[in-house]
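Everything below concerns the one structure shown next.
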Amino acid sequence: MRSRTLARGPELTELGLGAAQLGNLARETSDADAQGAVDAAWDSGVRYFDTAPHYGLGLSERRLGAALARRPRAEYTVSTKVGRLLVPSPGTAHRQDDGGFAVPAAFRRDWDFSRDGILRSLEGSLTRLGLDHVDIVYLHDPDDHWHQAATTGVDTLVELRDQGVVKAVGVGMNQAAMPTEFVRRSDVDLVMVAGRHTLLDQSARDTLLPLVQERGVGVVAAAVYNSGLLAADRPPADATYDYLPAPHELIARAGALADVCERHGVTLPEAAIAYPLRHPAVVSVVLGARDARQSRTNAERLAARVPEPLWEELADLGLVPDIPSAPSAPSAARERS
């Protein structure tokens, strides 16, 4: 599997494993399946693993750390996130978490982008992961906390990077506008953009992507299936888009995308993975997996050959604006086999 190296920071495989499902996203995942997802990803060549305290109130970090424990630490890259500080909440432990994960509510999430909150959050993450360091730390979803995140939040992360505690810092969000401001105003190394650089949503195209390319900032593309609508060869009638029931017009558009893909011998999910990687600023596409089968499927989809005429037809039909193939030495990354 090819890797791309940040202008400043670690090397990332073009496919990363997103560990939200290891935290029982939406439903329970067994320990065995979580281990299998990581093992199969590793066997497929994946060496970039992303997690967060938010995912299952720490369960994702604990499972990821356990699954990687026997792997040589120098051979993989781990990112986690700060901004949601986990605080023990024994009074609610008998209830289920209301944050989208099938786990007991034994902790609460406190928004905290202060220096102390970030340091405490990172210390907790290292304990759960069983690691003495992580490679990348993102500010996690600071949509409603711009002032604190853009001052003490990002300043603390830059301080940690400059001290050598972490290798790279950035911001991870489900929008393009605020990450653009972080790139414009601060010294971040990369941004994780969820669902905004996909076959169905190109809102990062006109502002964020040109700016990161100019500044040498890397992009990690997440949620490239837009939470489900692009995950199947043909979009089902009950598909979801950004975690909600997909509007009929978007289902129809996804169907039109699938028609073009079929004409070129490509599946819709294969095209959904390939499209973000066409931009020279993108260093990795992060996909979730709940078990070994899903990890293997992710790697197979990444490896599929997507012909250039597919992108040309999508652009000609006005379905997806084309992006010229990434050069061998992109501005934010160097590719390696």
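Being a predicted model, the structure only gives us computed values, none of them experimental.
- Classification of Arg293 and Asp33 as a salt-bridged pair fails, no side-chain N sitting under 4.0 Å from a carboxylate O.
- Between Glu11 and Arg4, none of the side-chain N atoms (NZ, or NE/NH1/NH2) sits under 4.0 Å from a carboxylate O, so this pair counts as no salt bridge.
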Report task. Could you walk me through whether Arg301 and Glu270 pass the salt bridge (Lys or Arg N to Asp or Glu O under 4.0 Å) test, one step at a time? Result -> CA-CA 5 Å; Arg301 288 172 172 175; Glu270 289 168 353; over 6 Å; no
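- Counting all heavy atoms, side chain and backbone alike, Val266 lies closest to Pro307 at CG2-CD, 3.6 Å.
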Requested in this report: Using the side-chain contact (heavy atoms from CB on, under 4.5 Å) rule, take Leu129 and Arg62 through it: C-alpha gap first, then chi angles, then the decisive distance, then the call.
Outcome: CA-CA 5 Å; Leu129 285 162; Arg62 292 194 297 272; over 6 Å; no
Requested in this report: Could you please spell out the steps behind the side-chain contact (heavy atoms from CB on, under 4.5 Å) verdict for Ser284 and Tyr48?
Outcome: CA-CA 9 Å; Ser284 185; Tyr48 174 39; 3.7 Å; yes
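- A 6.0 Å sphere centred on CD of Glu123 holds no more than 12 heavy atoms belonging to other residues, nucleotides or ligands.
- In this structure, Asp135 CG and Asp50 CG are separated by 11.5 Å, a value rounded to the nearest 0.5 Å.
- Scanning all heavy atoms of the two residues, the minimum distance from Arg215 to Arg184 falls at NH1-O, 3.4 Å.
- Residues in residues 150-185 take part in these ring pair (Phe, Tyr, Trp, His ring centres under 6.0 Å) pairs, two or more places apart or across chains: Trp146-Phe182.
- Partner of Val260 under the side-chain contact (heavy atoms from CB on, under 4.5 Å) criterion, out of Asp316, Val320, Leu310: Leu310 alone.
- In the hydrophobic cluster analysis, where Ile, Leu, Val, Met, Phe, Trp and Tyr join through side-chain heavy atoms closer than 4.5 angstrom, Leu85 is grouped apart from Phe113.
- Rounding to the nearest 0.5 Å places CD of Glu14 at 11.5 Å from CD1 of Ile273.
- Between Tyr76 and Trp42, the ring-plane angle classifies as perpendicular under the 30° and 60° cut-offs.
- Nearest approach of Leu230 to Ala254, heavy atoms of both residues: CD2-CB, 4.3 Å.
- Between the Ser295 side chain and the Ala292 main chain, no donor and acceptor come within less than 3.5 Å of each other.
- No side-chain heavy atom of Gln21 sits under 4.5 Å from any side-chain heavy atom of Asp291.
- A continuous path of hydrophobic side-chain contacts links Trp111 to Val154 [ILVMFWY only; heavy atoms under 4.5 Å].
- Once rounded to the nearest 0.5 Å, the distance linking CZ of Arg196 with CG of Leu209 reads 12.5 Å.
- There is a path of hydrophobic side-chain contacts, each under 4.5 Å, that joins Val171 to Leu157.
- Under a 3.5 Å cut-off, the side chain of Arg109 and the backbone N or O of His54 do form a donor-acceptor pair.
- The stretch residues 192-215 participates, sequence neighbours left out, in these ring pair (Phe, Tyr, Trp, His ring centres under 6.0 Å) pairs: His197-Tyr275.
- With Arg73 contributing its side chain and His133 its backbone, the two residues share a donor-acceptor pair below 3.5 Å.
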Query raised in the report: Step by step, would you call Thr29 with Arg290 a side chain to side chain donor-acceptor pair (under 3.5 Å)?
Result: CA-CA 7 Å; Thr29 300; Arg290 197 176 292 275; 2.7 Å; yes
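- Hydrophobic clustering (side-chain heavy atoms under 4.5 Å, transitive across Ile, Leu, Val, Met, Phe, Trp, Tyr) keeps Leu86 apart from Leu122.
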Requested in this report: Give the intermediate values and the outcome of side chain to side chain donor-acceptor pair (under 3.5 Å) for residues Asn298 and Gln294.
Outcome: CA-CA 6 Å; Asn298 289 343; Gln294 291 184 0; over 6 Å; no
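- Taking a 6.0 Å sphere around CD of Gln96, one finds it holds more than 12 heavy atoms contributed by other residues, nucleotides or ligands.
- Between the side chain of Arg253 and the backbone N or O of Leu200 there is at least one donor-acceptor pair closer than 3.5 Å.
- Ion pairing between Asp39 and Arg71 holds under the 4.0 Å rule for side-chain N and carboxylate O.
- For the pair Asn24 and Arg63, the tightest heavy-atom approach, listed with the atom from each and the gap, is OD1-NH1, 3.0 Å.
- In terms of heavy atoms, Ala289 sits closest to Ala37 at O-CB, 4.0 Å.
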Query raised in the report: Is there a side-chain contact (heavy atoms from CB on, under 4.5 Å) between Asp112 and Arg84 once you walk through the steps?
Result: CA-CA 6 Å; Asp112 192 339; Arg84 290 177 174 93; over 6 Å; no
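- Defined by atom type and a distance below 3.5 Å, a donor-acceptor pair is missing between the side-chain atoms of Glu61 and Thr51.
- Among all heavy-atom pairs drawn from Val282 and Pro276, the shortest one is CG2-O, 3.2 Å.
- Within the 3.5 Å criterion, the main-chain N or O of Tyr243 finds a donor-acceptor partner in the side chain of Ser227.
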